[in-house]
Q: 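Below is one structure. I have some questions about it.
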Amino acid sequence: MFIDRKFPKSRLRRLRLNSNIIDLVSENDLSSNDLIQPLFIKENLKGTEKIESMPGILRFGEDALLKEIEDIINSGINSVALFPVIDSSKKNNQGTESTNSSNLICKSIRNIKEAFPEIIIISDVALDPYTDHGHDGIIVDDYVDNDATIEILKSQSLVLADAGADIIAPSDMMDGRIGIIREALEDANYKNTILLSYAAKYNSKFYGPFRDAVNSANNLGNSSKASYQMSQKNKNEALHEVAMDINEGADIVMVKPGMPYLDIISSIKETFKIPTFAYQVSGEYSMLKLAINKGWLDENVMLESLLSFKRAGADAILTYSAKDISMEIKNK
Ligand code: PBG
């Protein structure tokens, strides 16, 4: 299609003459509406606590949480994703605390919604922050049992919907869970609860710092999630996963991790044309942030990496840098 646009009739540098022209013809951009801030909430913590493997990221006690949400809203962000760090005495092999309607996350959702009714709350559905073995499901004979796990995920979803979560995000990768959760939500009359499926979630080493953050790393030890999370070698399988989840009632699908899997985001968006999110996971964030803090990389690499998600077709991005980037966009 570019066949007769020869030099000097075509000089592509004309459209790079200055920043206003560059912006005028830009194909993609990032706005605060595209960003979702993940937050770690820790039980019985007063104030905040640093997470060693995630520079600049904190765990928030229940007292400090509302102030942080206020700052996030003031930065221009409308959505947060909540992750619990529960008391280790409450972890067991079934992750039953996940279904307690007054657990840390349900309480936090109610508190946030009371103070800031407009903010969109995304709540993870999976058992790993609640199990003493660190897996996302229930273990039967050394294997994470799919159908038994879904039963508990269903109860977890209902308590989250009841607490007021706008979006429920199963991140567990059990087969069939979207359909069963959707049916349970309909039956309980939560007809507008949005299901964001972590549809293409890879078995990735980039989740390392997150597992430190929610204190599941030690529980998990050397055990692998390969029997439920996707193989790093596959691409067609991601389309199969997404097709299944759409058929079962997902409203939005997500790819995770982000930057090493841009090809997957792009194929999903091209194929299904449905809302597609990307998760710039903890390891991606930490490696960039550490290099920025050391002065080895310019701080702009964070925005550059997020633009790659937009080019690939992502509609929104979960990123630990959401608040900072949103402030930057606002002050530009
Ligand atoms: C748990 C869950 C994980 C992440 C989000 N939800 C970790 C895992 O699957 O082990 C990782 C997010 C990140 O690394 O930032 N189901």
Side-chain angles (χ1 to χ4, degrees), residues 35-41 51-59 80-86 91 95 97-98 105 122-139 144 146 149-150 152-153 156-157 160 165 167-175 177-178 181 196-232 241 253-261 277-290 302 305-306 309 316-322:
L35 299 172
I36 298 161
Q37 179 71 54
L39 286 173
F40 297 107
I41 309 171
I51 300 165
E52 177 109 57
S53 56
M54 300 185 70
I57 302 301
L58 301 171
R59 299 188 189 94
V80 292
L82 307 180
F83 296 97
V85 187
I86 69 163
K91 296 190 182 188
E97 177 65 7
S98 65
I105 286 291
I122 302 176
S123 191
D124 226 55
V125 169
L127 301 185
D128 53 319
Y130 300 98
T131 51
D132 56 12
H133 45 68
H135 276 287
D136 294 32
I138 294 172
I139 298 181
V144 173
N146 195 84
T149 298
I150 295 182
I152 190 157
L153 297 181
Q156 184 183 19
S157 301
L160 294 171
I167 302 183
I168 289 179
S171 70
D172 55 289
M173 291 297 281
M174 297 303 117
D175 286 321
R177 89 282 204 217
I178 296 295
I181 293 171
L196 160 60
S197 172
Y198 286 74
K201 176 169 178 180
Y202 284 84
N203 180 28
S204 171
K205 292 294 181 204
F206 283 99
Y207 308 145
F210 174 96
R211 293 176 187 170
D212 286 341
V214 300
N215 276 336
S216 70
N218 288 339
N219 299 326
L220 192 62
N222 286 331
S223 188
S224 148
K225 299 192 177 186
S227 82
Y228 44 104
Q229 298 181 346
M230 281 183 56
S231 162
Q232 296 161 13
E241 283 281 3
V253 294
M254 182 137 75
V255 176
K256 174 181 175 190
M259 215 154 58
Y261 296 88
F277 289 6
Y279 198 146
Q280 182 188 50
V281 300
S282 54
E284 299 176 67
Y285 167 85
S286 291
M287 64 184 183
L288 293 177
K289 196 67 182 180
L290 186 63
M302 199 61 86
S305 72
L306 299 176
F309 296 122
I317 306 155
L318 274 99
T319 169
Y320 298 95
S321 65

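First listed ligand is number 1; within each ligand, the first listed atom is number 1.
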Q: Do any nitrogen or oxygen atoms of Q280 come within less than 3.5 Å of a nitrogen or oxygen of ligand 1?
A: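 Between Q280 and ligand 1 (N or O atoms, distance only) the closest approach is not under 3.5 Å.
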
Q: Return yes when Y285 approaches ligand 1 closer than 4.0 angstrom through a heavy atom, no otherwise.
A: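 Outside the 4.0 Å threshold, so no.
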
Q: Name the closest protein heavy atom to atom 8 (C) of ligand 1, giving the residue it belongs to and the distance to 0.1 Å.
A: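 The answer is K225 NZ, 3.3 Å.
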
Q: Please examine the side chains of K256 and L318, heavy atoms only from C-beta on, and report whether any two atoms are closer than 4.5 Å.
A: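 A side-chain contact under 4.5 Å is absent here.
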
Q: Among protein heavy atoms, which sits nearest to atom 1 (C) of ligand 1, and what does the distance come to when rounded to 0.1 Å?
A: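 Ranked first by proximity to atom 1 (C) of ligand 1 is D128 OD2, 2.8 Å.
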
Q: Given Y228, Y202, F210, which has its nearest heavy atom closest to atom 12 (C) of ligand 1?
A: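 Among Y228, Y202, F210, the closest heavy atom to atom 12 (C) of ligand 1 belongs to F210.
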
Q: With atoms numbered from 1 as shown, which atoms in ligand 1 lie under 4.0 angstrom from a non-hydrogen atom of D136?
A: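 Counting from 1, the qualifying ligand atoms are 1 (C), 16 (N).
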
Q: Identify the closest protein heavy atom to atom 14 (O) of ligand 1: which residue and atom is it, and at what distance?
A: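 Among all protein heavy atoms, the one nearest atom 14 (O) of ligand 1 is S282 OG, 2.7 Å.
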
Q: Heavy atoms only, cut-off 4.0 Å: how does V281 contact ligand 1, side chain, backbone, both, or neither?
A: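 Under 4.0 Å from ligand 1, V281 contributes backbone and side-chain atoms.
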
Q: Determine, considering heavy atoms only, which of K201, H135, M254 sits nearest to atom 2 (C) of ligand 1.
A: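 The residue whose heavy atom sits nearest atom 2 (C) of ligand 1 is K201.
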
Q: Determine, for Y207 and K201, whether the Lys NZ or Arg CZ falls below 6.0 Å from the six-membered ring centre while staying within 45 degrees of the axis.
A: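 Satisfied, under 6.0 Å and within 45°.
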
Q: Under 4.0 angstrom from ligand 1, any heavy atom of D124?
A: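 It does; at least one heavy atom falls under 4.0 Å.
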
Q: Taking the side chain as every heavy atom from C-beta outward, state whether M174 and V144 have any atom pair closer than 4.5 Å.
A: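 A side-chain contact exists here, since the closest heavy-atom pair is under 4.5 Å.
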
Q: Any atom of ligand 1 sitting under 4.0 Å from a heavy atom of Q229?
A: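 Q229: in contact with ligand 1 (<4.0 Å).
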
Q: Looking at Y320, which atoms of ligand 1 are within less than 4.0 Å of one of its heavy atoms?
A: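 Answer for ligand 1: 12 (C), 13 (C), 15 (O).
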
Q: Under a 3.5 Å cutoff, is there a donor and acceptor pairing between the side chains of S53 and D212?
A: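 Side chains of S53 and D212: pair found under 3.5 Å.
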
Q: Under 3.5 Å, is there a donor on one side chain and an acceptor on the other for H135 and S223?
A: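 Yes - a donor-acceptor pair under 3.5 Å links their side chains.
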
Q: Within a distance under 4.0 Å of any heavy atom of Y279, pick out the atoms of ligand 1 and give their elements.
A: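 So the atoms of ligand 1 that pass are 12 (C), 15 (O).
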
Q: Compare every heavy atom of D136 with every heavy atom of A126, then report the nearest pair and how far apart it is.
A: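 Minimum heavy-atom contact is CB-OD2, 4.0 Å.
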
Q: Under 3.5 Å, is there a donor on one side chain and an acceptor on the other for T319 and Q280?
A: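 Checked: T319/Q280 side chains pair up, N/O donor to acceptor below 3.5 Å.
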
Q: With no hydrogens and no angle check, is any side-chain donor or acceptor of T149 less than 3.5 Å from a backbone partner on I138?
A: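 Side chain of T149 to backbone of I138: a pair is present.
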
Q: Heavy-atom count around F83 CZ within 6.0 Å, excluding the residue itself: above 12?
A: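 Yes - once you tally the heavy atoms of other residues, nucleotides and ligands closer than 6.0 Å, there are more than 12.
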
Q: Between ligand 1 and Y198, is the shortest N or O to N or O distance under 3.5 Å?
A: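 No: no nitrogen or oxygen of Y198 is under 3.5 Å from one in ligand 1.
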
Q: Which atoms from ligand 1 have a heavy atom of A126 less than 4.0 Å away?
A: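 Under 4.0 Å from A126, ligand 1 has these atoms: 16 (N).
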
Q: Considering only heavy atoms of R211, which atoms of ligand 1 have at least one such atom less than 4.0 Å away?
A: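 It comes down to these atoms of ligand 1: 8 (C), 10 (O).
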
Q: A side-chain contact here means heavy atoms from C-beta on lying under 4.5 Å apart; do P170 and I178 qualify?
A: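 Side chain of P170 against side chain of I178, heavy atoms only: contact under 4.5 Å found.
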
Q: What residue and heavy atom of the protein are closest to atom 5 (C) of ligand 1, and at what distance?
A: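 In this structure, atom 5 (C) of ligand 1 has K256 NZ, 2.5 Å as its nearest protein heavy atom.
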
Q: Output yes when the distance from some N or O of ligand 1 to some N or O of S171 is under 3.5 Å, and no in every other case.
A: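 So ligand 1 has an N or O lying under 3.5 Å from an N or O of S171.
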
Q: Is the gap between the ring centers of F210 and F40 under 6.0 Å?
A: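 Yes - the distance between ring centres of F210 and F40 falls below the 6.0 Å cut-off.
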
